[in-house]
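Structure first, commentary second.
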Amino acid sequence: MTADTAELCRALAERISESGSLTDPAWRAAVEAVRRDVFLGGDVYRINGAMWEPVHRAEVGEEEWLRLAYSDTTWVTQVDGVDAADASGALAGNPTSSSTLPSLVVRTLEVAGIRDGDRVLEVGTGTGYSTAILCHRLGGENVTSVEYDAGLAQSAAEHLRAVNCSPTLVTGDGLNGYDEGADYDAIVATCAVRHIPGSWLWQVRDGGTITTTLSGWMTASGLIRLTLGDEGVATGRFTGDTISYMLARPHERPPRPMLVRRAGEVRASRVDPGLFDNWAGRFVAQLAAPSAEFVTTDDNVILVDVATGSQAWTEPAGTGWTVHQSGTLHLWDQVEEALMTWQAAGSPDQTAFGMTVTEDVQTVWLGAPDGPGWRLPL
Ligand SMILES: C[S@@+](CC[C@H](N)C(=O)[O-])C[C@H]1O[C@@H](n2cnc3c(N)ncnc32)[C@H](O)[C@@H]1O
């Protein structure tokens, strides 16, 4: 590390500490020691309107590149499977890998409650930056990281070698965990899941933890740490952080045909569709209709069930809203009932929610495990 990059690492750690995301001196030491520019390689994407524009180190120059690398920003490195290094021009699409903003990486690790000497399985190696942070604290012999995309896994391995980290790196589906390294003290996912994979329950030791974001096809998200208790039951409460990670690839929604709003049963809505703009509100809606995706157009909300094609869409009507529902599922009925349950509890933030996970049943509950609950699709 040169004096310049050492100073950039220190300044980044200082900024993250000031933001409140970094409180543990051991993680601070890791941020100060790991060069992020190594993990970005030479190419990232920057959003410009609806397009992802490649930014190449060779074109922007060293000073600007280091400014980008040491900003507390997520840098997308792959869009729909196309690495930034291979992009000849701007493209439309969805990010499929990124270097997560460092404050979110350390916040996730702090939530996980990892201690010196722990054996950790990370799911979603990406660039390898978070893997290096883990290695700095725990030693490579205690870190296993799984990446789905073979090309990304290879680049991450090169980045990690360049900073003298030697974790166990696995290319494959992290939703299967990595049995050979089990039992782990902690499993940490830097991609989101729609439900907790059974393998994670089997591969974490009794009393060990699983830290992940629970997300879905309405893009609502909640960060949670689950602790594995007696008889294979994991429980925990959501932290309330308003953060998200990209969904694990096997949990992504399938592509859908072009959206056409269909006529259906019409009635007045009993809830404001604007509740989808509330972090916890959209989370509740997603729990109630877990296979539906959410689209907005101006002041309309459209829900489309990916499995059945059922639809619900709202439109303003006088001082309220009308909802149109079609298909076998009454999506708005489901969502409305859940939102009204949440409102009756005082519209709390996500810290009021928790989760109980067994091999067969996973439930997100409001208030207490025996309170109102929603089962996740497995
Ligand atoms: C937000 S990025 C990870 C950021 C990374 N930890 C870093 O610090 O650069 C999410 C990563 O998860 C990977 N991923 C998605 N689904 C996965 C799966 N089922 N198993 C393993 N990795 C997965 C993606 O390919 C992507 O590289």
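Numbering of ligands and ligand atoms starts at 1, following listing order.
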Option among Thr74, Thr212, Thr190, Thr108 that satisfies the side-chain hydrogen bond (donor to acceptor under 3.5 Å, both in side chains) test with Tyr245: Thr108
Minimum-distance pair of heavy atoms, taken over all atoms of Arg262 and Ser326: NH2-OG, 3.5 Å
Under the side-chain contact (heavy atoms from CB on, under 4.5 Å) test, residues paired with Pro25 that sit two or more places apart: none
With sequence neighbours excluded, residues passing salt bridge (charged side-chain N to carboxylate O under 4.0 Å, His left out) with Arg237: none
Only pairs under 3.5 Å count here: list side-chain donor-acceptor contacts from residues 364-378, not counting sequence neighbours, and write none if there are none.
from	atom 1	to	atom 2	distance (Å)
Trp365	NE1	Thr356	OG1	2.8

Spacing of Gln78 atom CD and Leu152 atom CG [to the nearest 0.5 Å]: 4.5 Å
Starting from the N and O atoms of ligand 1, collect every protein N/O partner closer than 3.5 Å and put each pair on its own line with the distance to 0.1 Å.
from	atom 1	to	atom 2	distance (Å)
ligand 1	6 (N)	Gly124	O	3.0
ligand 1	6 (N)	Ser130	OG	2.7
ligand 1	6 (N)	Thr190	OG1	3.0
ligand 1	8 (O)	Ser130	N	3.2
ligand 1	8 (O)	Ser130	OG	3.1
ligand 1	9 (O)	Ser98	O	3.3
ligand 1	9 (O)	Thr127	N	3.3
ligand 1	9 (O)	Thr127	OG1	2.7
ligand 1	16 (N)	Arg249	N	2.9
ligand 1	19 (N)	Asp173	OD1	2.8
ligand 1	20 (N)	Gly174	N	2.7
ligand 1	22 (N)	Tyr148	N	3.2
ligand 1	25 (O)	Glu147	OE2	2.6
ligand 1	25 (O)	Arg249	NE	3.2
ligand 1	25 (O)	Arg249	NH2	2.9
ligand 1	27 (O)	Ser97	OG	2.7
ligand 1	27 (O)	Glu147	OE1	2.8
ligand 1	27 (O)	Glu147	OE2	3.4

